[in-house]
Amino acid sequence: FFFKQKTAYEIAQRLVGSEMCIRDRKDAVKKTEVKKVDGAEATAKTTAKAAAVTTEGKLKVLVVYANAEPKSFCGAIRDTVMSSLKKAGHSVKLSDLYEMKMFGHLDKTDFNKLEDASYFKPQAEQTAANLRGGISFTPEIRAEHEKVKWSDLIIFVFPLYWWSFPGIMKSWIDRVFSMGFAYGQAGNVSLDPRKCMIMYTTGGAKEFHRSIGMEQAVWKMMHHGVFQFSGLTSLEPYVAYQVAWVDEGKRKELLAEISGIMENIEKRTEYTIEQVLTFVKQLN
C-alpha cells in the first residue's frame, strides 16, 4: 500500500480509536463485509493470510524459542521439535530470541520513522506502518513478519514464568503481532488460517498447577487472549511438568513423546475458543 504519511496515520488513528480495536474478534469477524473494488467483489485480505500455503501436505513451521540457557530442557525440546519435524518432511525456521538478542520492547525504536513524534501511540504507529507494507518498521521486526507470513504453524517453546511467557517472548508478541498485521480492521486483518501450539516447562507438578487454577488461567490467557484473537487456530498444548526434579530416564521419555507428536503434528487436536474454554472448565 502507498499512502501519504498524513493520510496513513489518519487512517490508523481512526482504526485505533474505534470499537473495532477492542471488541472481541469473534464479534468483529461477523461484521466482515465483502467490499466492491472497481466493480468486482473482493473480500479484504492481508498479505500475511495470502502467504500461508501448505505444499503437498507438508507444513512450514516457525519455532519461536525463549530460554537463556541453550543446554536447558527447553533447549532439548527445541532441538527435538525441529529435528522431528524435518524428519517428517516439514520445513522449519527458528526464532531463538535470546540468541537473536531480541531484548527490545514495544516503543519508538521499533520504527524507522514515526508518524507522530509528539505523542507515541503504538497501535496507530503499527497500523500506519503496516498500511505501507511494513517499510516503517525496523529490519528485525520486518524479518519476523516475513517468518510469520511464511509459516503455516507457529510453535512457542518456553519455560513458564509467573503464569505467562518469559518477558522476551511477550515482547516478541507485542512487537511482531502488530495491529494491522495480526489483528484489526473488524477481522479483515488476522493470521488466519495459521495454527499455533504452546510447549512449555514448569517447576511444579501437574496436580499442583491444576489445583490452584494455574493451567486453566495460562491456557485461557494465551489461547483466547493472544492467539485466537489474532485468528490463529490453537493446537492442544504440551506441558513438561517439574522437569528440574525428574531423572534422565524420564526426560528421555518426554523427548520421545514430543518426537512422536511432531512426527504426527497434522493429527494434533485443534481447539476453537469454545473448546478451549470448555477444556479449561474441565480442568477445575
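The shortest side-chain heavy-atom distance between T233 and Q228 does not fall under the 4.5 Å cut-off. The shortest side-chain heavy-atom distance between H105 and D174 does not fall under the 4.5 Å cut-off. Using a 4.5 Å heavy-atom cutoff, the side chains of F120 and E125 are in contact. The closest side-chain heavy-atom distance from L114 to K108 is below 4.5 Å.
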As a quick check of understanding, evaluate side chain to side chain contact (heavy atoms under 4.5 Å, CB included) for T138 and I141, giving each step before the final call. CA-CA 6 Å; T138 58; I141 301 298; 3.4 Å; yes
Applying side chain to side chain contact (heavy atoms under 4.5 Å, CB included), run through Q216 and K220 and close with a yes or a no. CA-CA 6 Å; Q216 298 91 314; K220 184 176 181 180; over 6 Å; no
Step by step, work out the ring-ring contact (aromatic ring centres under 6.0 Å, His included) result for H145 and F137. CA-CA 10 Å; H145 278 171; F137 287 111; 5.2 Å; yes
From CA spacing to verdict: side chain to side chain contact (heavy atoms under 4.5 Å, CB included), D116, K121: CA-CA 8 Å; D116 183 356; K121 195 168 185 178; over 6 Å; no
Criterion side chain to side chain contact (heavy atoms under 4.5 Å, CB included) on D152 and V61, from CA distance to verdict: CA-CA 6 Å; D152 299 306; V61 185; over 6 Å; no
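Going from atom CD1 of I135 over to atom CZ of R132 covers 6.5 Å, rounded to the nearest 0.5 Å. Here the straight-line distance linking atom CG of L235 with atom CE of M197 works out to 6.5 Å at 0.5 Å rounding. Between the CD atom of Q242 and the CZ atom of F208 there is a distance of 10.5 Å, given to the nearest 0.5 Å. Taking CG of D79 as the start and CG of L94 as the end, the distance is 9.0 Å to the nearest 0.5 Å. A distance of 8.0 Å separates OG of S136 from CZ of F111, quoted to the nearest 0.5 Å. In this structure, L191 CG and C196 SG are separated by 9.0 Å, a value rounded to the nearest 0.5 Å.
Of the N and O atoms on the side chains of S234 and H223, at least one donor lies less than 3.5 Å from an acceptor on the other residue. Side-chain polar atoms of S178 and N130 form a donor-acceptor pair below 3.5 angstrom. Defined by atom type and a distance below 3.5 Å, a donor-acceptor pair is present between the side-chain atoms of D107 and T109.
With hydrogens and angles disregarded, a donor-acceptor distance shorter than 3.5 Å links the side chain of R194 to the backbone of S151. In this structure, the side chain of H90 engages the main chain of L59 through a donor-acceptor pair within 3.5 Å. For the pair K58 (side chain) and A88 (backbone), a donor-acceptor distance under 3.5 Å is present. T127 places a side-chain N or O within 3.5 Å of a backbone atom of Q123 that can act as its donor or acceptor partner. Side-chain atoms of E140 never come within 3.5 Å of backbone atoms of M102 as a donor-acceptor pair (strictly under, hydrogens ignored).
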For residues 154-166, dump all side-chain donor-acceptor pairs below 3.5 Å to protein atoms at least two apart in sequence or in another chain.
none

Output side-chain donor-acceptor pairs under 3.5 Å for residues 64-74, partner residues at least two apart or in another chain, one line each.
{"unit_1": "Y65", "atom_1": "OH", "unit_2": "G75", "atom_2": "N", "d": "3.3"}
{"unit_1": "N67", "atom_1": "OD1", "unit_2": "E69", "atom_2": "N", "d": "2.9"}
{"unit_1": "N67", "atom_1": "OD1", "unit_2": "S72", "atom_2": "OG", "d": "3.3"}
{"unit_1": "E69", "atom_1": "OE2", "unit_2": "K71", "atom_2": "N", "d": "2.8"}
{"unit_1": "E69", "atom_1": "OE2", "unit_2": "K71", "atom_2": "NZ", "d": "3.4"}
{"unit_1": "S72", "atom_1": "OG", "unit_2": "E69", "atom_2": "O", "d": "2.9"}
{"unit_1": "S72", "atom_1": "OG", "unit_2": "C74", "atom_2": "N", "d": "3.4"}
{"unit_1": "S72", "atom_1": "OG", "unit_2": "G75", "atom_2": "N", "d": "3.1"}

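If you chain together hydrophobic residues whose side chains sit under 4.5 Å apart, M221 and M214 fall into the same group. Tracing side-chain contacts under 4.5 Å through hydrophobic residues (I, L, V, M, F, W, Y), one never reaches V246 starting from I258; they form parts of separate clusters. Cluster membership check: L62 shares its hydrophobic cluster with L232, using side-chain heavy-atom separations under 4.5 Å among Ile, Leu, Val, Met, Phe, Trp and Tyr. Linking Ile, Leu, Val, Met, Phe, Trp and Tyr residues whenever their side-chain heavy atoms come within less than 4.5 Å leaves L106 and F103 in two separate clusters.
Of all the heavy atoms in A128 and E115, the pair that sits closest is CB-CG, 3.7 Å.
Applying the side-chain hydrogen bond (donor to acceptor under 3.5 Å, both in side chains) test to E263 and every residue at least two apart in sequence or in another chain returns S259. The side-chain hydrogen bond (donor to acceptor under 3.5 Å, both in side chains) check on K147 picks up S95, E144, with sequence neighbours excluded.
A salt bridge does not link E266 with K195: none of the charged nitrogens is closer than 4.0 Å to a carboxylate oxygen. Note on D247 versus R251: no salt bridge recorded, every NZ/NE/NH1/NH2 to OD/OE distance being 4.0 Å or above.
Each salt bridge (Lys or Arg N to Asp or Glu O under 4.0 Å) pair with one or both residues in residues 155-164, not counting sequence neighbours, would appear here, but there are none. Evaluation of the salt bridge (Lys or Arg N to Asp or Glu O under 4.0 Å) test over residues 88-101, restricted to residues two or more places apart or in two chains, returns R78-D96.
For an aromatic pair to be called close, the ring centres must be under 6.0 Å apart, and F177 with Y183 fails this.
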